[in-house]
Peer 1: 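Right, I'll just put the structure down here and ask away after.
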Amino acid sequence: AAKKQGGRRVAFFRQELGEQARHHLAIDRALRRALVGRQFLVHYQPKISLIDFSLEGFEALLRWERPDHGLVPPGEFIPVAEETGFIVPLGDWVLDEVCRQQREWIDRGLASVPVAVNISPRHLRQRSADDFLRILDRHGVPPELIELEITEGAVMQDLDHALQVLGDLKAMGVRVAVDDFGTGHSSLSYLKRLPVTTLKIDRSFVQGVPHTREDAGIVSTIIAMADMLGLAVVAEGVERPEQAAFLRHHNCTLVQGWLTGRPQPASAAMELLADRIRERA
Ligand code: C2E
Ligand code: MG
Ligand code: MG
Ligand code: MG
């Protein structure tokens, strides 16, 4: 009976897998159509200094304006794109779109802060520094205005390649941040060798601050470690004033989160850039 039941379970599992594969195939087809049909857009979330609330940068966050579905968040399609390989042309598109936008802001005299682009593990594995730099060159965007966000996992998948690509990019002036820091599998000996400029403390740790002892310990330790390694540090997912107070007290002055600004369309991001120029004039 056990064997029979096991057999049934396997059959059920197969059917489930089949359904999931079909579902992924359908999304992959829709994604490819969406790229041609210009259904992707980029929102920009500000990175803010807690010292004077000045704008210090943006993170570019991909959105899919899918007909009859509304604005689809990346969590619903990036994993599929990563699996099918579509993330490579899609990731190129995001970098190109961000460079196009920076070019427009340069021409208007507004570009003054870097925009960070998320680079997925597969995308990083399949591209060289030159591939990325060619996209910047196409729009005449200086490397200092672009930052790449990569995860520890992306680096660990092919360490030699990652060290080479990120090293070359950093040497050219492109900033490189480790995203979701603390959630991945890299060790401190790798971190020491990684050509990066910034650590982004993952939201899951920031969430528990200041009241959860473990989170408070982890966050303050990451901040101290970044400082000792000569890296900048940004706290992700800051939603409440008491989180900001804790971060500031521990000398993390750069934050990104609902508290200081949601991801917003390019037009709204441009207003923030214009304000910044006016404030500095
Ligand atoms: P991420 O790179 O860690 O981006 C930060 C995510 O946290 C964003 O979610 C942002 O909207 C969200 N967030 C920011 N502040 C807060 C806050 O205060 N509270 C909460 N609850 N959330 C906050 P989003 O836009 O849904 O993106 C999710 C993930 O999708 C990103 O995580 C990134 O891994 C991936 N992603 C987004 N755009 C791209 C892209 O262009 N390429 C690639 N490869 N991945 C992308
Ligand atoms: Mg990111
Ligand atoms: Mg992150
Ligand atoms: Mg995160």
Side-chain angles (χ1 to χ4, degrees), residues 10-45 59-101 115-136 138 146-166 169 174 176-180 183-186 200 202-204 236 263:
V10 168
F12 178 69
F13 189 57
R14 274 214 194 100
Q15 191 190 338
E16 281 270 282
L17 259 187
E19 264 163 35
Q20 202 196 27
R22 266 196 301 280
H23 180 61
H24 282 188
L25 260 170
I27 293 186
D28 185 64
R29 264 199 310 273
L31 286 171
R32 285 170 201 274
R33 276 199 306 270
L35 190 58
V36 179
R38 299 174 165 278
Q39 291 170 11
F40 290 108
L41 65 152
V42 174
H43 278 183
Y44 296 86
Q45 185 176 30
E59 177 173 8
L61 294 161
L62 185 59
R63 301 288 181 263
W64 177 11
E65 189 131 54
R66 190 176 187 190
D68 306 322
H69 288 76
L71 216 53
V72 185
E76 287 179 30
F77 61 89
I78 296 269
V80 178
E82 178 76 17
E83 197 183 287
T84 64
F86 182 64
I87 193 67
V88 177
L90 185 57
D92 282 346
W93 180 84
V94 175
L95 183 57
D96 187 83
E97 169 60 17
V98 165
C99 288
R100 187 200 62 74
Q101 187 61 71
V115 177
V117 177
N118 291 284
I119 302 292
S120 85
R122 190 149 173 178
H123 194 194
L124 181 66
R125 259 187 291 139
Q126 297 198 4
R127 290 283 181 260
S128 68
D130 278 344
D131 292 330
F132 291 126
L133 291 168
R134 249 196 307 277
I135 299 180
L136 274 66
R138 192 185 297 158
I146 296 294
E147 178 165 330
L148 302 184
E149 292 191 6
I150 45 128
T151 57
E152 294 158 86
V155 172
M156 298 310 292
Q157 279 189 10
D158 187 344
L159 187 64
D160 290 334
H161 177 75
L163 289 176
Q164 176 83 48
V165 175
L166 300 178
L169 288 170
V174 176
V176 182
V178 182
D179 206 351
D180 308 334
T183 63
H185 295 282
S186 67
K200 295 190 76 180
D202 191 62
R203 176 159 61 87
S204 60
E236 294 191 300

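The figures that follow rest on heavy atoms only: side chains count, while hydrogens, waters and symmetry mates do not.
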Peer 1: Would you say that Asp158 contacts Leu124 through its side chain, given a criterion of any heavy-atom pair below 4.5 Å between the two side chains?
Peer 2: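 The answer is no; the side chains never approach within 4.5 Å.
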Peer 1: So which heavy atom on Glu147 is nearest to which on Val176, and how close?
Peer 2: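 Here Glu147 and Val176 meet closest at CG-N, 4.4 Å.
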Peer 1: What pairs meet the side-chain hydrogen bond (donor to acceptor under 3.5 Å, both in side chains) rule with one or both residues in residues 59-71, with sequence neighbours excluded?
Peer 2: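 Qualifying pairs, neighbours excluded: Gln39-Trp64, Glu59-Asn118, Glu59-Lys200, Glu59-Gln256.
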Peer 1: Which pair of heavy atoms, one from Asp180 and one from Glu152, lies closest together, and at what distance?
Peer 2: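 Looks like O-OE2, 3.8 Å.
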Peer 1: Give the table of side-chain donor-acceptor pairs shorter than 3.5 Å for residues 70-97, with sequence neighbours excluded, one pair per line with atom names and distance.
Peer 2:
unit_1, atom_1, unit_2, atom_2, d
Glu82, OE1, Ser120, OG, 2.7
Glu82, OE2, Arg122, N, 3.0
Glu83, OE2, His24, ND1, 3.0
Thr84, OG1, Asp28, OD1, 2.8
Thr84, OG1, Val80, O, 3.3
Thr84, OG1, Ala81, O, 3.4
Thr84, OG1, Phe86, N, 3.3
Asp92, OD1, His123, NE2, 2.8
Asp92, OD1, Arg127, NE, 3.3
Asp92, OD2, Arg127, NE, 3.1
Asp92, OD2, Arg127, NH2, 2.7
Asp96, OD1, Arg138, NH1, 2.5
Asp96, OD1, His139, NE2, 2.9
Glu97, OE1, Arg100, NE, 3.0
Glu97, OE2, Arg100, NH2, 2.9

Peer 1: Any chance you could measure Gln164, atom CD, to Leu169, atom CG, to the nearest 0.5 Å?
Peer 2: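 These two atoms lie 10.0 Å from each other.
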Peer 1: Within the 4.5 Å heavy-atom criterion, are Gln101 and Val42 side-chain neighbours or not?
Peer 2: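 Of all side-chain heavy-atom pairs linking Val42 with Gln101, none is under 4.5 Å.
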Peer 1: Set out, in order, the CA-CA distance, both residues' side-chain angles and the distance that settles side-chain contact (heavy atoms from CB on, under 4.5 Å) for Val155 and Leu166, then state yes or no.
Peer 2: CA-CA 9 Å; Val155 172; Leu166 300 178; 4.2 Å; yes
Peer 1: Side chains of Ser204 and Asp202: any donor to acceptor distance under 3.5 Å?
Peer 2: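 Ser204 and Asp202 do have a side-chain donor-acceptor pair below 3.5 Å.
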Peer 1: Ile146 versus Phe132: any side-chain heavy-atom pair under 4.5 Å?
Peer 2: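 No, their side chains stay 4.5 Å or more apart.
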Peer 1: Where do His161 and Arg125 come nearest, in terms of heavy atoms and distance?
Peer 2: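 For His161 and Arg125, the tightest heavy-atom pair comes out as NE2-O, 3.3 Å.
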Peer 1: If you round to the nearest 0.5 Å, how far is OG1 of Thr151 from CE of Met156?
Peer 2: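 Those atoms lie 11.0 Å apart.
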Peer 1: Quick check: do Leu31 and Leu35 have side-chain heavy atoms less than 4.5 Å from each other?
Peer 2: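 SC-SC contact between Leu31 and Leu35 ruled out.
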Peer 1: Mind checking what makes salt bridge (Lys or Arg N to Asp or Glu O under 4.0 Å) contact with Asp131, not counting sequence neighbours?
Peer 2: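 Partners of Asp131 by the salt bridge (Lys or Arg N to Asp or Glu O under 4.0 Å) criterion, ordered by chain and then number, come out as Arg134.
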